[in-house]
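Below is one structure, written out as structure tokens; comments come after it.
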Number of protein chains: 2
Amino acid sequence: MNKTPKITLSDVALAADVSPITVSRALRNPDKVSVEARARIDRAIHELGYVPNPAARALASGRTDIIGVIIPSVSNNVFADVMRGIDEGLQGSGLGVQLGTTRYSPTTEEDLIRVFLSQRPAGLIVAGHDQSPVARRLLEGADCPVVQIMEVGPAPIDLAVGLSHFQGARAGAAHLLAQGYRAPAFLGAQMDPRSQRRLAGFRACLADAGLDDDPVVTTPEPSSVSLGCRLLADLLARWPMTDAVLCNNDDLALGVLFEARRRNIRVPVQLGICGFNDHEMMSAAEPPLTSVATDRFSMGRQAVGLIRSRLAGVGPDRGSSVDLGFRLIPRASTARRDG
Amino acid sequence: MNKTPKITLSDVALAADVSPITVSRALRNPDKVSVEARARIDRAIHELGYVPNPAARALASGRTDIIGVIIPSVSNNVFADVMRGIDEGLQGSGLGVQLGTTRYSPTTEEDLIRVFLSQRPAGLIVAGHDQSPVARRLLEGADCPVVQIMEVGPAPIDLAVGLSHFQGARAGAAHLLAQGYRAPAFLGAQMDPRSQRRLAGFRACLADAGLDDDPVVTTPEPSSVSLGCRLLADLLARWPMTDAVLCNNDDLALGVLFEARRRNIRVPVQLGICGFNDHEMMSAAEPPLTSVATDRFSMGRQAVGLIRSRLAGVGPDRGSSVDLGFRLIPRASTARRDG
DNA sequence: TTGACGCATGACAGCGCTGTCATTCATGAT
DNA sequence: ATCATGAATGACAGCGCTGTCATGCGTCAA
């Protein structure tokens, strides 16, 4: 624990023969400082190994270079992709990420927002559009860009990047019907608001098709492959006539595939399987699994992009949202017609 | 962007009829303040909606309540589990997480360490034992607890929680031999230091068994299920006699399973498959996949635990490390003997 | 009664940086 | 020659909190 003697701005200023404030400017607004001064300052910084103190900067300026990210859970692998996008988007910006998880609890989310806002972050990224009224008010009052990710909705707090889960699931269900499946069911885990909207999309599609049965098995448990196995078992116990499943996400779909194989149910002939998100493994599976592809990576990247533009002053208007859409990727697991 | 009038410590002090410093103490060391004063202060904080300014706290005290986490990549799903453990371990501590990714670059790692240290974090968690000399020196000079996670090694910088990847892989390879496989091969992606050590463990086992062939296919690409498919194809092209594979991780193993099925190679009879980490999906697969189980969740949790004890003053000595070990979980994918 | 001690509290200064002026000096228009 | 203009730089104060003393007061042993 050998303490390094702390080097401050003034030390650099002394070495570069300018005033501390000029060093500060050289760091923040290099173009406001003459070329010669800047050169001397850069050299001094290098020689002394000066590293700015972010706390002092934050206190004096009321700003930090941190983007707060608030998501329900880190174990949900959808967020891993989003985080990667965020990380990528941050490259070269000098910004950092502070991470908080709500565990799907509205009050935890409120607390987190309060804590994050108290740090005066450069921006905030929050998952979803279903914040509590309190949380919403806090975010509306934030004096930094706020991006809601995962879905697009009618009234973004500030900015939003996502897709319509309702439409995505509806397209998945429509695909199953188009492939000739007569009795599609829905399997859902971790029924968060996005999952609820997927379920609604599924139901809407079935209603449009004049099917009035409602073969749906859901659980609040977090999603997993094993859970997919169990849910298929439940489903078949209650709706034995089921000939296709739309899964809330890809983990479940994979579980369904394994369980079908265990039971010698032939995919896609006896059972069609469609996932959601189109995780990389879907195309590698045997048979390859149909899924509704979402671009989680871009979601993160663009969320950061919006914040960065806002910070650069060229920012998008309040209320803008980016709909990344989705793509249905048909594969062998639903190829009853052509297969 | 309606600015809320900022409430400061002194506002609370005024309302509670004490001096600011007493409010500060009530927040940091509640037991140093009389019960009555504390009650008045708590009420004032609540009524005014006071939220402390972490930047000011950090500047004045030279400490923050942030734990820095430095990992190679967020897309590697091993780290998702570790992050969950960290998150869980942080519950109720008032500590937050700042995340940085090195992208497997030593210089990025050094920069990240410098930036994080400049914030005077409450603790630092870094992945692996293979920091560059510069990075190592920086970490040795840190005046906060530093925990190296993922593996245990001979000389931790400060604290370490992990396992021996060498021994884990060796056990996996030994299992394959014990099951009667005669020509096991190794498949590896994203050959980071941990993967290298797994490969070394595999080789050591084969050498001990007197096998001097070296059937190994690796790639620096990041791991994925599809990559598992491709690597199996490569492997069989070069070593057609292979009758079992030890995979660097579970994604690859899953890909191998799918590819085997595509080629009508029977698992476990014609090909044994063993993964590494024992991700949840392994037990759900058909057939269930053997894997070397590692406890990523505990790794994160215990890393935080060590930091918290250190902060509480009861901390473990410098140089202590926790070996979480591994467990070989035999499943049908290697049940040539009994299956 | 006296002094020593411990507890609760407060005064003061300063952490390292930046916002807001003010200043200097060279430039070009009048 | 005169003044307005703008670029580069600097002085000053203060962001909100906490470390380090110092203080007041009640308690207890001698």
Side-chain angles (χ1 to χ4, degrees), chain A residues 3-42 44-45 48-66 94 115 117-122 143, chain B residues 3-42 44-45 48-66 94 115 117-122 143:
Chain A
K3 280 218 167 54
T4 336
K6 236 178 310 181
I7 313 283
T8 73
L9 245 194
S10 344
D11 298 329
V12 176
L14 227 57
D17 194 34
V18 292
S19 74
I21 190 67
T22 303
V23 179
S24 170
R25 262 192 292 257
L27 258 27
R28 311 259 98 224
N29 306 76
D31 46 314
K32 299 261 179 207
V33 173
S34 69
V35 191
E36 310 86 61
R38 213 159 63 212
R40 269 177 298 143
I41 290 169
D42 286 348
I45 287 178
L48 297 172
Y50 167 72
V51 182
N53 179 330
R57 197 221 273 326
L59 183 57
S61 69
R63 292 244 124 280
T64 64
D65 292 336
I66 296 291
V115 171
L117 285 181
S118 77
Q119 327 218 14
R120 316 222 140 220
D143 69 340
Chain B
K3 279 215 168 56
T4 337
K6 237 179 307 181
I7 312 283
T8 72
L9 245 195
S10 343
D11 299 329
V12 176
L14 228 57
D17 194 33
V18 291
S19 75
I21 189 66
T22 303
V23 178
S24 170
R25 262 193 292 257
L27 257 29
R28 311 259 97 223
N29 305 76
D31 46 315
K32 298 260 181 211
V33 173
S34 68
V35 191
E36 310 86 62
R38 213 160 63 212
R40 269 177 298 145
I41 290 169
D42 286 348
I45 287 178
L48 297 172
Y50 167 72
V51 182
N53 179 330
R57 196 221 273 327
L59 183 57
S61 68
R63 291 242 125 280
T64 64
D65 292 336
I66 297 291
V115 170
L117 285 181
S118 78
Q119 328 217 14
R120 316 224 139 218
D143 70 339

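Sequence lines set the chain letters: A, B, ... in the order given, protein chains first and strands last, and positions in each chain run from 1.
You'll find a donor-acceptor pair under 3.5 Å spanning the side chain of A/Arg25 and the base of D/dG10, going by distance alone.
Residue A/Ser24 places no side-chain N or O under 4.0 Å from the OP1 or OP2 atom of C/dC17. Side-chain N/O atoms of A/Thr22 include none lying less than 4.0 angstrom from OP1 or OP2 on D/dT9. When the side-chain nitrogen and oxygen atoms of A/Lys32 are compared with OP1 and OP2 of D/dT9, none of them lie within a distance under 4.0 Å.
Following rounding to the nearest Å, B/Glu36 (CD) and C/dA8 (P) show an atom-to-atom distance of 9 Å. The interatomic distance linking A/Asn29 (CG) with C/dG19 (C1') rounds to 12 Å, in whole Å. Atoms OH (A/Tyr50) and P (C/dC17) sit 3 Å apart, rounded to a whole Å. Atom CZ in B/Arg57 sits about 18 Å away from atom C1' in C/dG16, given to the nearest Å. As a whole-Å value, the separation of A/Arg63 CZ from D/dC15 C1' is 14 Å. When the P atom of D/dT9 is taken as reference, atom CG of A/Asp31 falls 12 Å away, rounded to whole Å. At whole-Å resolution of the value, CZ in A/Arg28 and P in D/dA8 are 19 Å apart. One atom, CD1 of B/Ile21, and another, P of D/dT23, lie 17 Å apart when rounded to the nearest Å.
Residues A/Lys32 and A/Arg38 form no side-chain contact, since every pair of their non-hydrogen atoms from C-beta on lies 4.5 Å or further apart. No side-chain heavy atom of A/Ile7 sits under 4.5 Å from any side-chain heavy atom of A/Ile45. Between A/Thr22 and A/Ile41, the closest side-chain pair of non-hydrogen atoms falls below 4.5 Å.
Here the straight-line distance linking atom CZ of B/Arg25 with atom OG of B/Ser19 works out to 6.5 Å at 0.5 Å rounding.
When A/Val23, A/Val12, A/Val33 are each tested for a side-chain contact (heavy atoms from CB on, under 4.5 Å) with A/Val18, only one passes: A/Val23.
Nearest to the side chain of B/Lys6, among C/dC17, D/dC17, D/dG16, sits D/dG16. Ranking D/dG10, D/dC17, C/dG16 by closeness to the B/Asn53 side chain, first place goes to D/dC17.
In terms of position along DNA chain C, the nucleotide closest to B/Ala37 lies nearer the 5' end than the nucleotide closest to the other residue of the pair B/Ala37 and B/Leu59. Between A/Ser19 and B/Leu9, the one whose closest nucleotide on DNA chain D sits nearer the 5' end is A/Ser19.
Using a 4.0 Å heavy-atom cutoff across all strands shown, B/Pro20 reaches no nucleic acid atom at all.
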